[in-house]
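Written below as structure tokens is the structure these notes are about.
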Amino acid sequence: MLLFRHAEGRARRSSGRLTPVALVALSALAADAAAQQSASGNAPPRFKLLRYEEDPRFYADPSRRLDLIDQLKYIPLSDDGGAFLSLAGDARLIYERFDSTLWGVGPQDNDGYLLQRYFLHADLRVGEHFRAYGTLKSSLENFREGGPRPTDENRADLHQAFVDFKLPLGGASSLTLRPGRQELNYGSARVVAVRNGPNDRQTFDAGRVILDLDMGSGRSVRTDVLYARAVETDRGEFDDNWFDEDRTLWGVYATAMLNSAHKLGFDAYYLGNDFEAKRYQRASGPDERHTIGTRWFANTGGFDADVEGAVQFGETGDEDAFGYLAAVNSGYTFASALLSPRLAVEAGVSSGDDGSGDVGTYNLLFARAGYYGELGILGNQNLVHLNPQLDLRLAEGLTFTAECYFFWRASEDDGIYTAGGGLLRAGTEAAGRFIGVQPTATLSYRPDRRWHLLAQYGYLSPGSFIDDTGPSEDIHFVRVEVTFSF
């Protein structure tokens, strides 16, 4: 502890700011203290994908603020602590390189490029009933041949700005009204996600009513009623418009937890969407869909499973539309074996168009990008995939994942689509079904709760469909990522 205080004092005197070396030193020392807290059963909470879901009241006890950074997690604004401000942040640096992007179509960049993303979050709470939350962001791209892609750069903007009005309903139950700009992420992110892989995360201007019911004995139900419009990303400074009408989303998403100890539960949802313009191989124009789905999940005794199915109906242009999605990801972890291996298989199908009757291509809504690894070429439309996986725990915080995706077209009359939902290559019956095989290896290291280092290599070998429809060079992909969060 004396060493920590000495390092903290030196950092304060270093030009009035934290140097990178001092930041790493403080983080390492804090990790030591955090490990001691963990041993005593009083570990700091982990950071979540949606940072606004974290509860900073853990830090109300001064003894839990381990370093300079932790002091920012709970800044009391009243004598009784009922009003406080909490600050949080994320910084991510990525190097990516593609060889033969899109199988050799378009401009090529064999040197790679850098992506940077920064978030600063502020969480203001006044009593148990009111909260205001805001996030500033900056997403930057450097050295990419052809310039930034649509999701690469947003130099500075307001990422989130919402308020909560919370009505307690007894016990842990509550009703929350949440209007404002916010991130959304539901279930396994197959329908609505924050799109964490790309440099600029997805956000919505939305109004939500959230009902949380605590049923006791590890059972709970959350029902989320929403109306939202996706925020259009513009690359400049504070130029993302409010309430864009191009992509609208509404509906109800409910999650019932049947046994929290075994993480056993299910989701049920209805989601409607209205896209101003959408292009599929056979049809284009305004696209309105209604998606009804369910998802079941469990994680107990080493076994884990996630199964989801959904159907869609609506209109695309002047034609009726009908689509579907089915997916499963199931595995078993041999916790007592060497390296605690997890063997798993993921499989799924999303509908394509057969050239007659209703437009059959599934609309992936706002699903996560990089749906099949960070290589991120294919979107989940007109696709059948199979993916065996192996996870190994090499050391504390260090994991290795090996997986191999196999891709086919679901319909021979439809093409393949990008992760953003655009038509990537048109298809015909004359072309083969097989799209390709994609082995991927990922090394992930978390030395402490604040740092995350990731390295991934992917290789996409084209199949008969790619060979029959245009350039078909092998794609090689490398991604190295460093993230710091507080």
Side-chain angles (χ1 to χ4, degrees), residues 96 98-109 113 115 141 144-153 189-202 230 232-233 246-247 273 275-285 287 289 312 316 323 325 327 348-353 359-385 405 407-411 413-427 431 433-436 438 440 458 460 462-463 465-466 469-473 475-477 479:
E96 280 188 346
F98 282 89
D99 286 346
S100 303
T101 303
L102 299 180
W103 301 285
V105 176
Q108 301 297 310
D109 182 355
Y113 50 89
L115 301 173
E141 179 275 326
R144 184 176 182 275
E145 186 73 24
R149 297 162 296 188
T151 59
D152 279 345
E153 189 163 88
R190 294 187 181 100
V191 288
V192 179
V194 296
R195 196 177 61 188
N196 188 54
N199 211 31
D200 194 60
R201 283 170 56 144
Q202 178 69 67
E232 182 71 27
T233 297
D246 290 352
R247 297 176 297 159
N273 70 276
F275 291 175
E276 185 176 89
K278 190 74 176 176
R279 182 192 172 206
Y280 304 105
Q281 177 164 319
R282 181 162 70 96
S284 61
D287 191 71
R289 301 286 182 101
Q312 288 182 339
T316 300
L325 163 77
V349 56
S350 57
S351 64
D353 187 71
V359 176
T361 310
Y362 175 74
N363 184 326
L364 51 70
L365 299 180
F366 299 95
R368 66 182 184 266
Y371 198 91
Y372 306 108
E374 297 301 338
L375 195 153
I377 296 291
L378 296 172
N380 193 26
Q381 296 172 279
N382 188 38
L383 205 66
V384 177
H385 81 277
Y405 290 96
F407 301 112
W408 298 265
R409 289 188 298 153
S411 171
D413 295 286
D414 203 352
I416 58 175
Y417 295 80
T418 68
L423 182 62
L424 180 58
R425 282 201 186 184
R433 280 185 184 269
F434 187 50
I435 300 168
Q438 178 187 308
T440 303
L460 182 49
F465 171 71
I466 301 301
T469 55
S472 57
E473 298 179 24
I475 299 175
H476 295 264
F477 169 76
R479 179 181 176 116

TODO: For the pair T151 and N199, evaluate side chain to side chain contact (heavy atoms under 4.5 Å, CB included) and give the outcome as yes or no after the intermediate values.
DONE: CA-CA 6 Å; T151 59; N199 211 31; over 6 Å; no

TODO: Would you sort out whether N382 and Q281 count as a side chain to side chain contact (heavy atoms under 4.5 Å, CB included), showing the intermediate values?
DONE: CA-CA 11 Å; N382 188 38; Q281 177 164 319; over 6 Å; no

Task: Test side chain to side chain contact (heavy atoms under 4.5 Å, CB included) applied to Q312 and N363, step by step - done: CA-CA 8 Å; Q312 288 182 339; N363 184 326; 3.7 Å; yes

- [ ] Any chance you could lay out the side chain to side chain contact (heavy atoms under 4.5 Å, CB included) test for R409 and I435, step after step, and finish with the verdict?
- [x] CA-CA 7 Å; R409 289 188 298 153; I435 300 168; 3.9 Å; yes

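When the options L383, V384, L325 are evaluated for a side-chain contact (heavy atoms from CB on, under 4.5 Å) with V349, the one that passes is V384.
Using modelled atom types and a 3.5 Å distance limit, the side chains of Y280 and D287 yield a donor-acceptor pair.
The aromatic rings of F477 and F98 sit tilted relative to each other, their planes meeting at an angle between 30° and 60°. Taking the six-membered ring where tryptophan is involved, the planes of W408 and F434 are tilted, since the angle between them lies from 30° to 60°. Ring-plane geometry between F407 and H385 is classed as tilted, the angle between the planes lying from 30 to 60 degrees on a 0 to 90 degree scale.
Checked against salt bridge (Lys or Arg N to Asp or Glu O under 4.0 Å), D200 has the following partners two or more places apart in sequence or in another chain: K137.
Atom CG of D353 sits about 11.5 Å away from atom CD of Q381, to the nearest 0.5 Å. A distance of 5.5 Å separates CD in E96 from CG in L115, rounded to the nearest 0.5 Å.
Around atom CZ of R279, no more than 12 heavy atoms belonging to other residues, nucleotides or ligands sit under 6.0 Å away.
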